[in-house]
Amino acid sequence: MQPLSHDDESHALLQLKESLVINESASSDPSAYPKVASWKVDGESGDCCSWDGVECDGDSGHVIGLDLRSSCLYGSIDSNSSLFHLVQLRRLNLADNNFNNSEIPSGIRNLSRLFDLDLSMSGFSGKIPAEILELSKLVSLDLGWNTLKLQKPGLQHLVEALTNLEVLHLTKVNISAKVPQIMANLSSLSSLFLRDCGLQGEFPMGIFQLSNLRFLSIRYNPYLNGYLPEFQSGSQLEILLLAGTNFSGQLQGSLGNLKSMKKFDVAECNFSGVIPSSLGNLTKLNYLDLSYNFFSGKIPPSLANLLQLTDLSLSSNNFRSGTLDWLGNLTNLNYLDLTQTNSHGSIPSSLRNLTQLTVLELQGNKLSGQIPSWIGNHTQLISLYLGANKLHGPIPESIYRLQNLEELDLAYNFFSGTLELNLLLKFRNLYKLQLSHNNLSLLNSNNATIPQPKFELLILNGCNLGEFPSFLRDQNHLELLELEDNELVGQIPKWFMNMSTITLEHLSLAGNLLTGFEQSFDVLPWNNLRSLDLSRNKFQGSLPIPPPAIYEFQVSSNKLNGEIQEVICNLTSLSVLDFSNNNLSGKLPQCLGNKSSTASVLNLRNNSFSGDIPETFTSGCSLRVVDFSQNKLEGKIPKSLANCTELEILNLEQNNINDVFPSWLGVLPHLRVLILRSNGLHGVIGKPKTNVEFPRLQIVDLSNNSFKGKLPLEYFRNWTAMKNVRNDQHLIYMQANTSFQTSHSIMNNQYEYSMTMTNKGVMILYEKIQDSLTAIDLSRNGFEGGIPEVLGDLKALHLLNLSNNFLSGGIPPSLSNLKGLEALDLSQNKLSGEIPVQLAQLTFLAVFNVSHNFLSGPIPRGNQFGAFDNTSFDANPGLIMWEAVVKRMWKW
């Protein structure tokens, strides 16, 4: 295309102006304004070289630059646009406009002289055209913050074609590929932004060592692996952002050579080891984030040298216990997050020097003592998080001087005394308040004359309220409200039901003495409620019906009665449904099975439901917990449960189910807990069809049924999860992740599994199930034949109960391999022979019962056997107690 004359270029620009609409909402920059509004051909402004955003060559007069960033432009640009007649352009910036999801036109190839192209944040979508690769003179290319794809051509083709690049910004462009090794050949590259691009594989280490590289961001690519290299002195790196990737390894001491570094972010990676003290050499650093990794050792005191720091986060690592005294020199800090850094001692007085702080997060540590009174001098504080520590004493009055506070968390400490709610309401900007689980008593006074803050999050669990706080009457912006364990009595008042009806998304009133609602509703009035917990109260009558958007609905441990209404079927987003421990009755709605495509927890334990279990568990079932135990259900176990491939716990104990062993459940790859106790199950268990059935089963309770035949030897061989002994360093419990997204945050919820089971001769309620617990209970059936030797391979077993059957033969010595066994009950059988002496090696054995058999010979001695009383061996006429052996020896 031939270059246009000067007048033609003016005309082309005006055509471009006419093809687009000026819309203030099209640009996000607060300083945005419509540059093209002043473009005219009349009078003194007729020369386009004087137009706002237009740059002309001083010699030829041709338009060589067009900067329309943040110009409030709305519309679309296609290949016929007059923009592509401006073939002399060297710089084109259309960033921060809205081109209405149009594609980048192939006509871009006409601007072959471009060396600077910026289309970021401009509402382009679709594939990046191959014609971009023809712009071989490009030095700077920014296509970030659009919904674009760089695929065919991919990143490798782009790097091969544009070899002069100094700046390449593709933030949020969908690349979904590996970073090509050839990128390490871009010797002129100074700035590379590939944030959130779906990058995969290993990041080329050579890119870090490009001599001109100053800015590198590859954040939020969770499938991108890599390691940091040894850095040489002389590197120009100023910004290095790796957060949210899968980078691992250790931070090298050579990091201290990056003397130009200003911003270093490796949060949410997999780095480990000790933080090198050389990090303290980076005296130009103003931003340092090492949070959510696996760093260990002590926090190096050399960080006190980083006097330019304004933002510091070391949270959620595995640091050794230490104090915070080293912080005092960092007087420029605005943001400080030391959550879960194993810090102890009192809040150090050195923190009083950090008067520029706007955010202070110290929660989840072991800090003790009182909140110092000088905290009131930090008047710029916006967020103060001191929750989950060991702080005590009264809350100092000086805290009320922090009138800029927006977020305050003092929960899970040992604060004591009385706190007037009116004082807290003086924080005009406060919208997040957490005071739960202290020894505080909140005084509820009704003072309507005080202008109140507009809370969005309010958590006052265990605050001895005694009544609903009256200030809630005027709260219309609440999104999350928890008032658990506050001795709230009687009916929920009418005014409470009119509070925050549009905004409320999570409400928990659990653990109170509430009986119902002062005003009745067909459907509860909070239209956008996602989570409702009314458990552990005294609610009576029929089930309350939550709004259709509900995700988590818990009303366990109340006195509710009646049937489950069919309207429950309309809850299309339901994930957690817990109606356990009530007086509900009737048949289960057929739609409960249909809920399985969205639900993860279905708990109806301990009610009076009757009839058959619905046979409607659909393909794509996402249920992880099904607990219908302790009801009056009949019929067979529905075979459609085999569709629930995520199922981890199935509990149908104590019903009237009449069926054979559900061998078809063996296909479920994640089933860990199977409890079918106290039903009418019958027949021979038989053999599995394959050798991979029930691969993760670790708790099985088939007790108190009518099974017969031999013990299921072949199934024992299949139960591989019971063969592998785990050495968990921390106590972990079985749970389902039931987190969900609200308007402004993620609710990180875990639903903990529970069950009842016989342990050491006593029926126990496990409110939590330890993740490594392994148990078999086949007692009170009609099993016969011998105890298989293969049981000795299930080395992870903690509990084994085969009592009250018709088992015969000897006790296999292989049971001595079960080194973690805590309870072994073989009583009420027909076992014979001697008790294997090897069983004395079971040093964790707390309960051993072989009573009512036909055993003979001496009882083993040593270790735990000396602690078992005689009832463990009763009714075995041939057994010889050691006392009897000794007496015989004296006679001899």
Can you tell me if Ser557 and Ser535 form a side-chain donor-acceptor pair at under 3.5 Å?
no
Any residue meeting side-chain hydrogen bond (donor to acceptor under 3.5 Å, both in side chains) with Ser851, in chain and number order, not counting sequence neighbours:
Asn849
Arg780 atom CZ: more than 12 heavy-atom contacts under 6.0 Å:
no
So, Asp659 and Lys639, do they make that salt bridge, N to O below 4.0 Å?
no
Single hit among Ile811, Asp874, Leu839 for side-chain contact (heavy atoms from CB on, under 4.5 Å) with Val850
Ile811
List the residues meeting salt bridge (Lys or Arg N to Asp or Glu O under 4.0 Å) with Arg530, not counting sequence neighbours, and say none if there are none.
none
Does Lys723, at its NZ atom, have more than 12 non-hydrogen atoms belonging to other residues, nucleotides or ligands within less than 6.0 Å?
yes
Can any side-chain N or O of Asn318 pair as donor or acceptor with the backbone N or O of Phe295 at less than 3.5 Å?
no
Please evaluate residues Gln698 and Arg672 with respect to the criterion side chain to side chain donor-acceptor pair (under 3.5 Å), reporting the C-alpha separation (whole Å), side-chain torsions for both, the decisive distance (0.1 Å), and the verdict.
CA-CA 5 Å; Gln698 63 187 77; Arg672 303 175 69 186; 3.2 Å; yes
Where do Tyr753 and Tyr766 land on the ring-ring contact (aromatic ring centres under 6.0 Å, His included) test, with the steps shown first?
CA-CA 9 Å; Tyr753 303 167; Tyr766 289 81; over 10 Å; no
Report the residues that fulfil side-chain hydrogen bond (donor to acceptor under 3.5 Å, both in side chains) with Lys830, sequence neighbours left out, ordered by chain and then residue number.
none
Describe, in one word, how the ring planes of Phe694 and Trp719 are oriented to each other, choosing from parallel (under 30°), tilted (30 to 60°) and perpendicular (over 60°).
perpendicular
Partners meeting side-chain hydrogen bond (donor to acceptor under 3.5 Å, both in side chains) with Thr871 (sequence neighbours left out):
Asp869
Could you work out, with side-chain hydrogen bond (donor to acceptor under 3.5 Å, both in side chains) as the rule, every residue matching His682, not counting sequence neighbours?
Asn658
Donor-acceptor under 3.5 Å (Asp578 side chain, Ser556 main chain)
no
Do the side chains of Thr758 and Asp701 get nearer than 4.5 Å, heavy atoms only?
no
Can you tell whether the side chains of Glu646 and Arg624 come within less than 4.0 Å, N to carboxylate O?
no
Begin from the C-alpha positions of Asn876 and Asn853 and carry the test side chain to side chain donor-acceptor pair (under 3.5 Å) through to its verdict.
CA-CA 5 Å; Asn876 284 281; Asn853 279 287; 4.8 Å; no
Which residues pass the ring pair (Phe, Tyr, Trp, His ring centres under 6.0 Å) test with His437, sequence neighbours left out?
Tyr412
Applying side chain to side chain contact (heavy atoms under 4.5 Å, CB included) to Val700 and Tyr715, what does each step give before you reach the verdict?
CA-CA 11 Å; Val700 55; Tyr715 276 107; over 6 Å; no
Test side chain to side chain contact (heavy atoms under 4.5 Å, CB included) applied to Ile637 and Ile613, step by step
CA-CA 7 Å; Ile637 301 171; Ile613 300 173; 5.8 Å; no
Quick one: do Asn561 and Asn582 satisfy side chain to side chain contact (heavy atoms under 4.5 Å, CB included)? Show the steps, please.
CA-CA 7 Å; Asn561 54 37; Asn582 279 285; over 6 Å; no
Might you confirm whether atom NZ of Lys559 has over 12 heavy atoms from other residues, nucleotides or ligands at distances under 6.0 Å?
no
